[in-house]
Amino acid sequence: MPELPEVQTVVSDLVDLVKGRKLDFIEILDTKVWFESELEPGHFADKEVLDVTRRGKYIVYHFVDGYLLQHLRMTGVMLPADSDKIPHNLFGEKSPQLRLSLNFDDLRLIFYDVRRFGTFTAILDLDKFFDAKKLAPELYDDFEHAFGWYLHKVVKVGRPIKSVLLDQSIICGPGNIYADESLHAVKIHPLTPASTLGGEQNRILITEVKRIMDDAIAKRGTSASDYLDVNGNPGVFKQYLQVYKRKGELCLSCKLGKIEVIKIGGRTSHFCPHCQILPPN
DNA sequence: TATGGCCTGTAC
DNA sequence: GTACAGGCCATA
């Protein structure tokens, strides 16, 4: 699933591919894809893509007078229309899984999204949008600022730490994979009430969240199911995962526990019952 | 703050 | 056949 490292990989590809180029037009193929927008698709016709950046798990296309935000959600990928990763028969049948296209003079990028949860949002004011979403600060802009924000919020939260790591208003970037991997790396049980973690424990945890995401970015992300970069290639971080999708396998750290799976807030959570002990309350 | 809904392919 | 995958939003 696209989490921060996967989105960052796509953004890096898009910078190489479309930054500085004039967008001819946007074609909406599935009307549901255009979501919460202040502007119409036509607003961006014949305008230059000044930059492509990332904020949280959003892709941000910058134009002279507006922004196009893309969210991949679970299964969204951006691919050239002639990519063999898009099932060929979908074009003839006008599949709603082909959701939108960005058309440049010699390039047509397709937003291919099997489960159709992904969105495009066209807005005028970036800060206003992300303020309204209550999105936490970026670990990648100013770590201390983002950590301070996290700490200020986490001390008031009695929910399990696993749920907190998925809450983009407290810390932005991790999803289910990197949350589980980070908690395992620092030997914290995912059910630990967030407010019971000490300041130093929290610093170690959030430092690890960023370290693992850095690592995953260097490996171009994790392809656990659908994720592909803009060239149609999978990320290779999957082979480095310690707990995610390793249910029943021996813990690679202690080599004693077998990875277990429990549900926390409706999400599967993987952990080693030997390394990650729930503190008594 | 916990839950269901959005979706559809895959695994059982 | 049914359960499940999970990022985010709406709802209670």
Side-chain angles (χ1 to χ4, degrees), chain A residues 1-11 29-37 54-60 69-78 85-87 89-90 93-100 111-121 123 129-136 153-183 190-195 209 213 216 221-228 234-235 238 241 243-248 259-270:
Chain A
M1 319 320 118
E3 303 176 27
L4 185 149
E6 291 74 33
V7 177
Q8 183 61 51
T9 302
V10 170
V11 164
L29 301 165
D30 172 11
T31 52
K32 212 172 74 74
V33 79
W34 202 253
F35 182 68
E36 292 183 343
S37 292
R54 179 191 57 73
R55 176 78 177 91
K57 299 174 193 171
Y58 288 85
I59 298 165
V60 183
L69 310 182
Q70 179 177 16
H71 201 302
L72 302 172
R73 297 291 179 111
M74 246 69 84
T75 56
V77 292
M78 285 298 270
K85 303 298 181 199
I86 302 174
N89 63 336
L90 295 189
E93 296 171 11
K94 294 222 183 255
S95 164
Q97 297 181 341
L98 306 177
R99 308 200 62 208
L100 177 149
F111 182 33
Y112 172 49
D113 181 17
V114 167
R115 289 173 65 180
R116 300 168 60 211
F117 288 169
T119 53
F120 273 79
T121 301
I123 57 163
F129 179 83
F130 289 118
D131 284 351
K133 297 285 181 196
K134 305 189 190 305
L135 193 61
K153 295 208 159 200
V154 81
V155 293
K156 293 181 283 195
V157 174
R159 276 183 293 156
I161 185 61
K162 168 62 186 287
S163 299
V164 169
L165 291 184
L166 297 179
D167 188 332
Q168 305 296 297
S169 71
I170 301 178
I171 176 169
C172 86
N176 212 35
I177 297 173
Y178 299 110
D180 282 2
E181 293 295 315
S182 301
L183 288 169
L191 280 175
T192 308
S195 56
V209 167
M213 292 198 300
T222 302
S223 293
S225 53
D226 301 86
Y227 169 73
L228 297 172
K238 188 182 178 188
L241 298 177
V243 288
Y244 186 79
K245 283 207 172 162
R246 294 193 68 250
K247 180 183 179 182
I259 305 307
E260 292 183 7
V261 173
I262 55 175
K263 284 269 185 193
I264 301 176
R267 299 282 172 271
T268 53
S269 297
H270 308 71

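The figures that follow rest on heavy atoms only: side chains count, while hydrogens, waters and symmetry mates do not. So that the names make sense, note that chain A is the first sequence line, chain B the second, and so on, each numbered from 1.
Nucleotide C:dC4 holds its P atom 15 Å from the CD1 atom of A:Ile262, rounded to whole Å. A straight line from OH of A:Tyr244 to C1' of C:dG7 spans 12 Å, rounded to a whole angstrom. Taking atom CZ of residue A:Arg55 and atom P of nucleotide C:dG7, one finds them 17 Å apart after rounding to whole Å. In this structure, A:Ile264 atom CD1 and B:dT1 atom C1' are separated by 15 Å, rounded to whole Å. Atom CE in A:Met74 sits about 13 Å away from atom P in B:dC6, given to the nearest Å. Atoms CG (A:Leu4) and P (C:dG7) sit 12 Å apart, rounded to a whole Å. Atoms NZ (A:Lys162) and C1' (B:dT1) sit 17 Å apart, rounded to a whole Å. Put simply, OH on A:Tyr58 is 9 Å from C1' on C:dG7, counting in whole angstrom units.
For A:Phe111, the ring-ring contact (aromatic ring centres under 6.0 Å, His included) partners two or more places apart in sequence, or in a different chain, are A:Phe120. Among residues two or more places apart in sequence or in another chain, the salt bridge (Lys or Arg N to Asp or Glu O under 4.0 Å) test is passed with A:Arg246 by A:Glu249. With sequence neighbours left out, the ring-ring contact (aromatic ring centres under 6.0 Å, His included) criterion links A:Phe129 to A:Tyr58. Remark: A:Lys153 pairs with no residue by the salt bridge (Lys or Arg N to Asp or Glu O under 4.0 Å) rule, at least two apart or across chains. Considering only residues two or more places apart in sequence or on other chains, A:Thr75 meets the side-chain contact (heavy atoms from CB on, under 4.5 Å) condition with A:Asp113, A:Val114, A:Arg115, A:Asp226. Applying the side-chain contact (heavy atoms from CB on, under 4.5 Å) rule to A:Ser195 yields no partners; only residues at least two apart in sequence or on another chain are considered.
When the C1' atom is compared between B:dG9 and C:dC9, the two are found 23 Å apart, to the nearest whole Å. Across the P atoms, B:dC7 and C:dG1 are found 23 Å apart, a figure rounded to whole Å. Taking the P atom of each, B:dT3 and C:dA5 are spaced 15 Å apart, rounded to whole Å. Straight-line distance between the C1' atoms of B:dG4 and C:dC4: roughly 15 Å, to the nearest whole Å.
Counting heavy atoms of neighbouring residues, nucleotides and ligands inside a 6.0 Å radius, atom NZ of A:Lys32 exceeds 12 of them.
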At under 4.0 Å between heavy atoms, which parts of nucleotides 7-12 of chain B does protein reach? Answer with one letter per nucleotide, 5' to 3': B base, S sugar-phosphate only, - none.
BBS---
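The side chain of A:His71 contributes an N or O atom lying less than 4.0 Å from OP1 or OP2 of C:dC8. Taking only side-chain nitrogens and oxygens, A:Arg159 comes nearer than 4.0 Å to OP1 or OP2 of B:dT1. For the pair A:Lys245 and C:dA5, the criterion of a side-chain N or O lying under 4.0 Å from OP1 or OP2 is not met.
A:Thr75 comes within contact range of no nucleotide atom at all, as no heavy-atom separation falls under 4.0 Å. When heavy atoms are screened at a 4.0 angstrom cut-off, A:Lys263 is found touching the sugar-phosphate backbone but no base atom.
When each of C:dA5, C:dG7, C:dC9 is scored by its nearest atom to the side-chain atoms of A:Lys57, the top-ranked nucleotide is C:dG7.
The salt bridge (charged side-chain N to carboxylate O under 4.0 Å, His left out) analysis of residues 168-178 of chain A, with sequence neighbours excluded, yields no pairs.
Atom OG1 of A:Thr119 is separated from atom CD of A:Glu36 by 7.5 Å, given to the nearest 0.5 angstrom.
In this structure a side-chain-to-backbone donor-acceptor pair under 3.5 Å is present from A:Asp180 to A:His270.
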DNA chain B in dot-bracket form (Watson-Crick or G-U pairs under 3.5 Å, [ ] crossing, | inter-strand) is ||||||.|||||
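Stacking of A:Arg55 on the aromatic ring of A:Phe130 is recorded, both the 6.0 Å distance cut-off and the 45° axial limit being met.
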Below 3.5 Å is the cut-off: list the nitrogen or oxygen pairs between protein and nucleotides 10-12 of chain C, distance only.
none

Show which side-chain atoms of residues 165-179 of chain A pair as donor or acceptor with protein atoms under 3.5 Å away, not counting sequence neighbours.
| residue | atom | partner | partner atom | Å |
| --- | --- | --- | --- | --- |
| A:Asp167 | OD1 | A:Ser169 | N | 2.9 |
| A:Asp167 | OD1 | A:Ser169 | OG | 2.6 |
| A:Asp167 | OD2 | A:Arg159 | NH2 | 3.0 |
| A:Gln168 | OE1 | A:Gly173 | N | 2.9 |
| A:Gln168 | NE2 | A:Leu166 | O | 3.3 |
| A:Gln168 | NE2 | A:Pro174 | O | 3.0 |
| A:Asn176 | OD1 | A:Lys162 | NZ | 2.7 |
| A:Asn176 | ND2 | A:Thr268 | O | 2.9 |
| A:Asn176 | ND2 | A:Thr268 | OG1 | 3.3 |
| A:Tyr178 | OH | A:Glu6 | OE2 | 2.6 |
| A:Tyr178 | OH | A:Thr222 | OG1 | 2.7 |

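Scanning residues 165-183 of chain A for heavy-atom distances under 4.0 Å to DNA chain C yields A:Leu166, A:Gln168, A:Gly175, A:Asn176.
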